[in-house]
Amino acid sequence: MSGGFGGVSRPSPFAALPVRVALSLAVIGGLLFALSFPSPGWWFLAYPAVACLLLAAMGQGWRRAAWIGYVGGVAFWVPAISWAGRYLGPVPWLALALFEAAMFALGSVAIALAYRWVARVVTSTGGRVWGLPAVIAALWTGREWFSGSWPYGGFAWGRVGLSQSDSPFAHLAAYVGVLGVSFVVVYCVAVVVSLGLVVPTVPGGSVRLPARVATAGLLVAAVLAVPAWPTATDGTIRIESVQGNGPAGYFDNAAPGEVLESQVTATDVSAKGVDLVVWPEGSAEFDPRAQPVIASALDSVVQSVGAPIVAGAITQTSSGVLHNTSFVWTADGWQSSYDKKRPVPFGEYVPDRWFFSKLAPSLIGLLQRDYTPGTKPNVLSVAGVKAGIAICFDIVDDGLTRDMARGGAQVILAQTNNADFSGTDENLQQLEIARMRAIETGRSLVNISTVGASQVIDPTGRTIDRVPEYTASSMITDVPLGTSTTPATVASGLIALVLSLGGLLVLLACAPWSRRRA
């Protein structure tokens, strides 16, 4: 059989490993992958992790690939999101981990089939070294896109690209977005794997190890040689970001006004030249239009600092619909607002409550209120600039990130409440997601939390200001205002779609039944 890329037929070098070996590699890969995220955040471990997971799936039948992928997914997700059981116990933590592991299994099946089907069609050395890894990386990226979109809006945590916020690959997010970074990293790893398996079997003698290492090194060097996107800024805005460290957790049983008081106390009202004050998610507690005491406290801060404030609160419409809201308050009171578009499933609302109440009535009963997704634009005008607003879980949404950039945001205000995850890695993982969003959009980002980690990040992903976690404090920072448009904000959605569908279509085109019909 004549192969793709002009090659001649040769047996596939991508033979399946024994099940015990494959399962061991899957577990090792999953654990290494977990360690690439905070904490400890050893981003370089993502590379051997991906290699282990690819080798484990390679050449397996779809049933074995599913189980191997599931085991690897469990090994990753259980430690990576252990924070999910901080207050509600192990049931929601394990339920989420095991469900996301099933997504891992789905991706493992697709990758295993690609190593079987595509390798039978693409038989040339060049095709198997350079072409097949592109299909593998596209399928991996497609799995990340799918699990970040479904069900209930998906869970876009745990992407390869998100582990690279401090790596040399991070700057590529400005070109191709977070999912594009996942593709690039997986592609490079898959090429290295192919160099180790395919090249030694070239007819006429094996290629020595130094030559294969040099080839892999040249590939990585070529990728890293892509310059950072030239982000442009025009002026600065002086922002006071306030971390009140109040009892803001769902189960903290704070007295009404206690969180608000902690924010007021931590605000440096004597600061000079402040253009804008930013408080975290839920910092004002309730709607100041309906609570004169809250309005009075906000007025006091605005008058003392001489600047408007962006704060968060629970708001309710006349029809009783609840929103998690970020609003602008000036000397003239309420000006504008944004309602969170991505409330957390099983955290801020219970989808299909009638069904899940039957499965776990005691747990579902703890969540008494359901927030409704907002519909307003996530860009607000305040203090003479346009600010993109991301309330907590909003920051993981690719579409909302693009909406902010396309809406003309000059700076991003990422307001969050991590109090329910005190002492865990959730806040650090979310911070690194925010860092990648700053790079992706070419915008400075203020990540302000009730308890931490609160930082100001510039358009290159560099931290320019911070306050200690679990400390009542504020940071006053001259924040650069972004003006450039990155390729990612224009085309990252299309890139992810093309990669995902492209990988799937190539896989299906190489399926045995497709070849028989051809």
Side-chain angles (χ1 to χ4, degrees), residues 70 73-74 77-78 80-107 142-159 162 249-251 281-282 312-317 319-326 338-376 378 389-401 403 415-421 424 426 429-430 433 493 496 500:
Y70 191 77
V74 170
W77 283 109
V78 168
I81 60 168
S82 58
W83 44 263
R86 174 69 172 83
Y87 279 103
L88 295 179
V91 173
W93 162 35
L94 293 177
L96 179 58
L98 297 179
F99 179 81
E100 292 301 323
M103 295 290 189
F104 241 65
L106 185 64
R143 191 269 303 165
E144 289 190 346
W145 170 81
F146 180 70
S147 63
S149 306
W150 183 89
Y152 309 124
F155 185 61
W157 224 268
R159 294 172 170 178
L162 295 177
Y250 192 83
F251 298 107
E281 173 189 18
I314 300 170
T315 61
Q316 187 172 16
T317 67
S319 59
V321 174
L322 290 174
H323 290 295
N324 187 343
T325 300
S326 178
Y338 160 73
D339 301 321
K340 186 176 184 179
K341 291 185 176 180
R342 284 294 307 274
V344 182
F346 305 102
E348 292 178 297
Y349 78 104
V350 180
D352 298 322
R353 182 181 282 269
W354 65 271
F355 173 74
F356 290 104
S357 293
K358 295 178 181 178
L359 293 181
S362 58
L363 282 175
I364 299 302
L366 293 174
L367 304 173
Q368 293 296 318
R369 60 191 181 199
D370 288 329
Y371 293 106
T372 299
T375 58
K376 299 176 182 178
N378 59 351
I389 307 296
I391 303 177
C392 198
F393 199 58
D394 281 345
I395 201 68
V396 308
D397 190 287
D398 301 314
L400 293 181
T401 301
D403 288 346
Q415 301 165 285
T416 185
N417 176 13
N418 303 110
D420 280 328
F421 305 106
T424 72
E426 187 274 344
Q429 292 175 9
Q430 185 175 322
I433 296 173
S500 302

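Index from 1, following the sequence.
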For Trp93, side-chain hydrogen bond (donor to acceptor under 3.5 Å, both in side chains) partners two or more places apart: none
With sequence neighbours excluded, residues passing salt bridge (charged side-chain N to carboxylate O under 4.0 Å, His left out) with Asp394: none
Audit row: Leu98, Val74, side-chain contact (heavy atoms from CB on, under 4.5 Å) steps and yes/no: CA-CA 6 Å; Leu98 297 179; Val74 170; 3.8 Å; yes
Contact check, side chains of Glu100 and Ile81, non-hydrogen atoms, under 4.5 Å: no
Salt bridge (charged side-chain N to carboxylate O under 4.0 Å, His left out) involving Arg342 - partner list, sequence neighbours excluded: Asp397
Under the side-chain contact (heavy atoms from CB on, under 4.5 Å) test, residues paired with Ala105 that sit two or more places apart: Tyr70
Between OG1 on residue Thr416 and CD1 on residue Ile391, distance to nearest 0.5 Å: 10.0 Å
Glu281 to Cys392 - nearest heavy-atom pair and separation: OE1-CB, 3.3 Å
Atom of Asn324, atom of Tyr371 and distance for their closest heavy-atom approach: N-CD2, 3.6 Å
Gap separating the CG atom of Asn378 from the CG atom of Asp339, nearest 0.5 angstrom: 11.5 Å
From CG (Leu96) to CH2 (Trp77), nearest 0.5 Å: 7.0 Å
Flag, side chain of Lys341 to backbone of Lys376, donor-acceptor distance under 3.5 Å: yes
Any donor-acceptor N or O pair under 3.5 Å, side chains Trp83, Gln429: yes
Plane angle bin for Phe393 and Trp157 - parallel if under 30°, tilted between 30 and 60°, otherwise perpendicular: parallel
side-chain hydrogen bond (donor to acceptor under 3.5 Å, both in side chains) against Asn417, all qualifying residues, sequence neighbours excluded: Thr450
Interatomic distance, Arg86 atom CZ to Asn418 atom CG [nearest 0.5 angstrom]: 12.5 Å
Aromatic centroids of Phe356 and Phe346 separated by under 6.0 Å: yes
Qualifying salt bridge (Lys or Arg N to Asp or Glu O under 4.0 Å) pairs with a residue from residues 344-364, counting only residues at least two apart or across chains: Lys340-Glu348, Arg353-Asp370
Met103 to Pro151 - nearest heavy-atom pair and separation: CE-CD, 4.4 Å
For Ala419 against Gly249, the heavy-atom pair lying closest together: CB-N, 3.4 Å
Closest non-hydrogen atom pair between Ser500 and Gly142, with its separation: OG-CA, 3.2 Å
Taking every non-hydrogen atom, the tightest pair across Leu162 and Ile433: CD1-CG1, 3.9 Å
